[in-house]
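Below: the structure, in structure tokens.
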Amino acid sequence: MVGKMLKKSASAISDTVRRTFSTKTWEHREQLHSLTENNKFFLYKVRWQIALLAHLGFAISFGIRSNFGVAKNRMVNNFTDAYGYIHEKEFYWTATEIGMMESSFFYGYAVSQIPAGVLAAKFAPNKLFMLGVLVAATLNIVTAFALQFHPFTDVFVMCLQAIQGLALGVTYPAMHGVWKYWAPPLERSKLATTTFTGSSVGVMIGLPASAYLVSHIHWSAPFYVFGALGVVWALLWSYVSGSSPANHGYISADEKTYITEKIGTVTVQNMTLTTLPWRDMLTSTAVWAIIICSFCRSWSFFLLLGNQLTYMKDVLHIDIRNSGLIAIFPQLGMTIVTLTSGQVADYIRASGKMDTGSVRKMFNTLGFSFEACMLGCLAFVRDPVIAIVCLIIACSGSGMCLSGFNVNHFDIAPRYAPILMGIANGLGAFAGAGGIITNSLTYENPDGWKWVFVLAMSVDLFGIIFFLIFARGEILPWALEPEKKETFNEFVRRMSTIVRSISRRTKNHSSDTDYAKMEEERRNSSEMKACTKSEPEGSESVNNKTNVAAAALGAVAEEPAQGKNLKTDRPEV
């Protein structure tokens, strides 16, 4: 079985390379559009304004995620601040309690994904995106205030973390819902990667900024600062964004016509949890290729997001004030590679050198391969300089994955892209529970980091193989079919009918004896007795009528016997 999978993976890789260097061109449906847009500076285009502001929104949301990972180094340890003052630890959490505090966010994050995908497909996704960041920012301020009453508020803080996860869980599906209306097909990679690199920038800025605030002010300072930034951002987003080009306030007529002609009609009516093709979605190997890669990518990303500074302190013995600055470079490299790969991916597709599926597989394989190799090196490297270089290459190379699996939802099912993103991101969020494994392996045990990185490398390799075998680049048949129009009340009535039918069958099956008795009584009753062979008087008239009917149907009636008189009710003439 393993040999067969490896052989299929090697065949897929060789086919991708052959297509890349061949002279064959691939015809895309999107290239058949002849409409062009006036050439103007990209910042004057509303879709790019939305992309950049969404980029900032993701940066703030991922900055919020990094606050606790940085602050815990001062909260649970004796800490020397930037001015030389020593602060005793204020929180006496065990490794398990710290893991529960961090993982509670991801439980809420995972639960909200699929409902968020449905909501983003049915309602205005730009408002849903704004609401998610705004709620998370507000709760960030509340969390900092509640932690001051430790340990009495620990459970309450865990609940706040889970609600924060619920709020930020809607961001990815909501933005896929936004781009369903705003992203022309051959600009999907560019706009999506510009948007989602905000997560890398958020970590790149959030880690050193949080470390600076923790070292110079207080452990609670990052919570307040990033919470305030989220509130200000929500006001800007409400002005710039729009649910669709047709409903935007200041978009030019030229850009509106260009986007709507390129994308076409977007169907959203009557889309509910009961009308979606769940069986086709959940049994599609192409969908599971996206889900598996989302989980694998989230495993490594969450590992470095919450524990990167801890690794530098415990293994490389780098002070938190310096590690915060060093953490900029891996995320900066990831941002550059992600933006570049998005441009290159769309260029290759538009030029016709490769089809969409091959482009997605190539970038996905390269991204995971760079990350897996470098994480494997980190498992055995202890020199700070070499380790930082490996970390930078790992994070930078992984940026190519965003032009692979992370935009593949639009390729296989554009109308269901928010729902697929919600499913993939929701199941992928369970990788955040790996924080418990990481804390268990590394708590007061620096050698445990070796096994943490080996495990992360194995996860990435599995993602490479699975995506190469099962990923697709064309719209799947079930994504082309119109959804069934069934309201929730109709769904309830249909289920009630099924339940009543099953109940009736069970009741009939349990009363087989009574039914047999009823059949016997019917057979013995006078109404059900069969006619005897002896014909009563006057039956000749019945036979005459039968012969007439048979003659009308083309049948030949039997001739009466010679010399036999037939009796009739008619008088003789």
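Since the structure is predicted, the reported quantities are computational estimates derived from the model, not experimental observations.
By the neighbour-count criterion of 12 heavy atoms within 6.0 Å, atom CZ of Phe410 is densely surrounded, having more than that number from other residues, nucleotides or ligands. Annotation for Tyr250: atom OH counts as buried by contact number, over 12 foreign heavy atoms lying within 6.0 Å. The 12-atom threshold is not exceeded at CH2 of Trp451, counting heavy atoms of other residues, nucleotides or ligands nearer than 6.0 Å. More than 12 heavy atoms of other residues, nucleotides or ligands shown are found within 6.0 angstrom of CH2 on Trp237.
Taking CD1 of Ile392 as the start and CE of Met374 as the end, the distance is 12.0 Å to the nearest 0.5 Å. Remark: Arg47 CZ to Leu52 CG distance equals 12.0 Å, nearest 0.5 Å. Here OG of Ser403 is found 11.5 Å from CG of Asn408. Values are rounded to the nearest 0.5 Å. Leu427 contributes atom CG, which lies 10.0 Å from atom OG of Ser298 (distance to the nearest 0.5 angstrom). Rounded to the nearest 0.5 Å, atoms CG (Leu53) and OG (Ser238) are 9.5 Å apart. Here the CD atom belonging to Gln164 is positioned 9.5 Å from the OG1 atom belonging to Thr138, to the nearest 0.5 angstrom.
Under 4.0 Å is where a charged nitrogen must lie from a carboxylate oxygen, and between Asp411 and Arg360 at least one such pair does.
The closest donor-acceptor contact from the side chain of Ser294 to the backbone of Ile290 lies at 3.5 Å or more, if one exists at all.
Side-chain contact of Thr143 with Asn140: a donor-acceptor pair under 3.5 Å is absent, judged by distance alone. Side chains of Thr195 and Trp179: a donor on one and an acceptor on the other come within 3.5 Å.
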